[in-house]
Asks: 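The structure that follows is given in the form of structure tokens.
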Amino acid sequence: MTRHKVAVLPGDGIGQEVIPEALKVLEVVARESGTALEFEEGLVGGGAIDATGEPLPDATFRLCAMSDAILFGAVGGPRWDDAPTDRRPERGLLRLRKELDLYANLRPAKCFPMLIDASPLKRSVVEGTDLMVVRELTGGLYFGEPHGIERMADGSARGVNTMIYTSREIERVARVAFDVARKRRRRLASVDKANVLVVSQLWREVVTGVARDYPDVKLEHILVDNCAMALVARPTQFDTIVTENTFGDILSDEAAILAGSMGMLPSASIGGKTALYEPVHGTAPDIAGTGVANPIAAILSAAMLLRHSLDMGPDAEKIEAAVLRVLEKGYRTADIRQEGTTLVGTVQMGELIAREVAALYS
Ligand code: NAD
């Protein structure tokens with residue numbers, strides 16, 4: 001029997017509520033498919049700071065590095081907002097991404113037919129939206145040196161961040177994006193600001209070079225400001241989008257609106273040996289502990305984990321089909337509630353999906 005080890009890091013807030021539901025679904029998959037999935041939990045984020053003083057204790061890092069995949073919840077919350085920068089919960093996630101070399105973040109944004117009216121955008125705009133944003137995750141403005149605030153003797157100050165990319169960093173994320181596009185509708189939009197930024201000019205040059213190895217994928221270059229408009233005006237024009245870290249951070253949140261709720265969106269961070277899967281949303285302190293969080297983003301993240309890290313594509317498809325079935329039957333958590341549907345909480349939604357997954361194997 002194949003054995004896979006999965007590191008489970010629920011983190012803070014609703015991470016503690018949605019990850020157990022994703023595990024419930026993975027346990028059904030393991031049982032029904034005859035795959036041995038071994039789960040081991042680790043501390044991360046605010047809870048880890050409280051317990052050990054560190055947002056990513058060494059024991060958690062070791063657990064992640066020796067696992068086949070990581071299922072992550074979310075970290076942070078008002079309790080730790082005033083902590084010094086290196087003791088903030090999100091440092092744990094940033095360190096994990098950097099040390100595991102998770103340089104490509106994959107975020108699908110799909111509009112589920114039965115949730116079209118949950119989107120603030122018009123039905124005629126969002127209907128049929130099915131895109132994937134591939135965001136470079138370990139370079140660019142968020143990591144470039146020098147950075148910092150320089151205080152002058154006259155009381156003024158100067159803040160500096162540096163946007164820097166090497167051709168190697170651009171090439172490797174471009175290859176991930178072309179590979180993703182190849183498995184989808186074979187269209188790739190590379191987003192940059194080449195009319196102003198030299199970094200973007202290099203980005204465009206390298207992506208164009210990589211395209212020669214993918215003659216079956218149609219590449220277009222689009223400026224980030226234009227892309228921001230097109231995403232909410234004509235989202236169906238996109239299939240796969242690839243972009244650098246900062247642009248990707250903003251555009252992928254914008255794309256989240258197309259799916260109706262943050263509670264529906266999974267993500268994968270890939271690159272190094274061990275990939276990390278997490279819902280796009282944060283710890284939702286406003287609803288944490290009340291049992292109303294939508295676990296679907298976490299459950300769909302578990303499906304991505306099966307597909308990308310464990311080569312269990314058909315099992316991932318069963319989870320995705322089960323989510324659709326439960327939504328078709330009219331069950332909704334509060335964030336996606338519509339008239340005439342049945343309101344359920346986090347645990348009930350997890351159980352409904354787990355039961356549908358089991359039914360799909362029989
Ligand atoms: P958030 O995603 O936690 O919440 C935004 C809004 O969406 C809230 O109203 C919340 O109730 C709702 N929401 C989010 N997920 C939901 C779900 N599954 N079901 C139902 N409703 C859901 O973003 P925020 O409020 O900006 O951040 C809260 C905390 O989370 C902050 O400390 C932030 O730093 C952290 N955060 C962490 C991550 C991460 O760990 N990757 C990502 C984003 C934010």
Side-chain angles (χ1 to χ4, degrees), residues 8-22 42-50 55-56 60 64 70-83 85 87-98 100 102 105-107 109 112 115 118-120 135 137-138 142 245 248-250 252-257 259-269 275-302 304 323 327 331-338 341 343-350 353:
V8 180
L9 277 50
D12 307 313
I14 63 166
Q16 292 284 343
E17 298 167 52
V18 297
I19 292 300
E21 301 314 309
L43 286 172
V44 72
I49 295 174
D50 291 348
L56 181 72
T60 304
C64 291
I70 304 161
L71 184 63
F72 191 96
V75 290
R79 259 182 73 189
W80 304 281
D81 275 353
D82 297 327
T85 318
R87 286 279 180 280
R88 291 181 65 113
E90 52 270 37
R91 296 310 297 178
L93 182 55
L94 290 179
R95 192 185 142 207
L96 210 44
R97 286 176 179 164
K98 194 79 186 165
L100 294 176
L102 304 177
N105 183 235
L106 273 52
R107 273 205 199 182
F112 288 86
L115 296 183
S119 168
R135 165 188 168 196
L137 204 56
T138 53
Y142 294 176
N245 204 344
D249 192 1
I250 299 164
S252 54
D253 268 14
E254 190 190 353
I257 292 293
S261 166
M262 295 287 269
M264 298 295 297
L265 292 166
S267 80
S269 299
L276 181 146
Y277 301 84
E278 58 174 327
V280 162
H281 60 73
T283 54
D286 52 338
I287 57 167
T290 61
V292 302
N294 185 348
I296 293 180
I299 291 170
L300 292 175
S301 300
M304 289 185 89
V323 168
L327 293 174
Y331 294 104
R332 301 282 189 276
T333 43
D335 56 315
I336 50 172
R337 190 175 188 186
Q338 292 158 293
T341 57
L343 183 65
V344 294
T346 314
V347 172
Q348 206 181 346
M349 182 56 99
I353 295 169

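As the structure is a computational prediction, the values presented were derived from the model and not from experiment. Counting starts at 1 for both ligands and their atoms, following the listed order.
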Asks: Do the charged groups of R107 and D253 touch, with an N to O distance under 4.0 Å?
Replies: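 Salt bridge present between R107 and D253.
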Asks: Taking the side chain as everything from C-beta on, heavy atoms only, tell me whether M264 gets closer than 4.5 Å to L327.
Replies: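 Contact flag for M264/L327 side chains = yes.
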Asks: Indicate yes or no for a side-chain donor-acceptor contact from N245 to the backbone of L137 under 3.5 Å, with no hydrogens or angles considered.
Replies: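 Checking the backbone N and O of L137 against the side chain of N245, a donor-acceptor pair under 3.5 Å is found.
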Asks: Salt-bridged, R97 to E278, with N to O below 4.0 Å?
Replies: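 Salt bridge flag = yes for E278 with R97.
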Asks: Side chains of residues 13-20: which donor-acceptor partners sit under 3.5 Å, not counting sequence neighbours?
Replies:
from	atom 1	to	atom 2	distance (Å)
Q16	NE2	G11	O	2.6
E17	OE1	G291	N	3.4
E17	OE2	G289	N	2.6

Asks: Using a 4.0 Å cut-off on heavy atoms, what residues surround ligand 1? Order them by chain and number.
Replies: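 Contacting ligand 1 under 4.0 Å are I14, A74, V75, G76, G77, L93, M262, G263, E278, H281, G282, T283, A284, P285, D286, I287, A293, N294, D335.
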Asks: Is R79 salt-bridged to D50, going by a charged N under 4.0 Å from an acidic O?
Replies: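 Here R79 pairs with D50 in a salt bridge, since their nearest N and O are under 4.0 Å apart.
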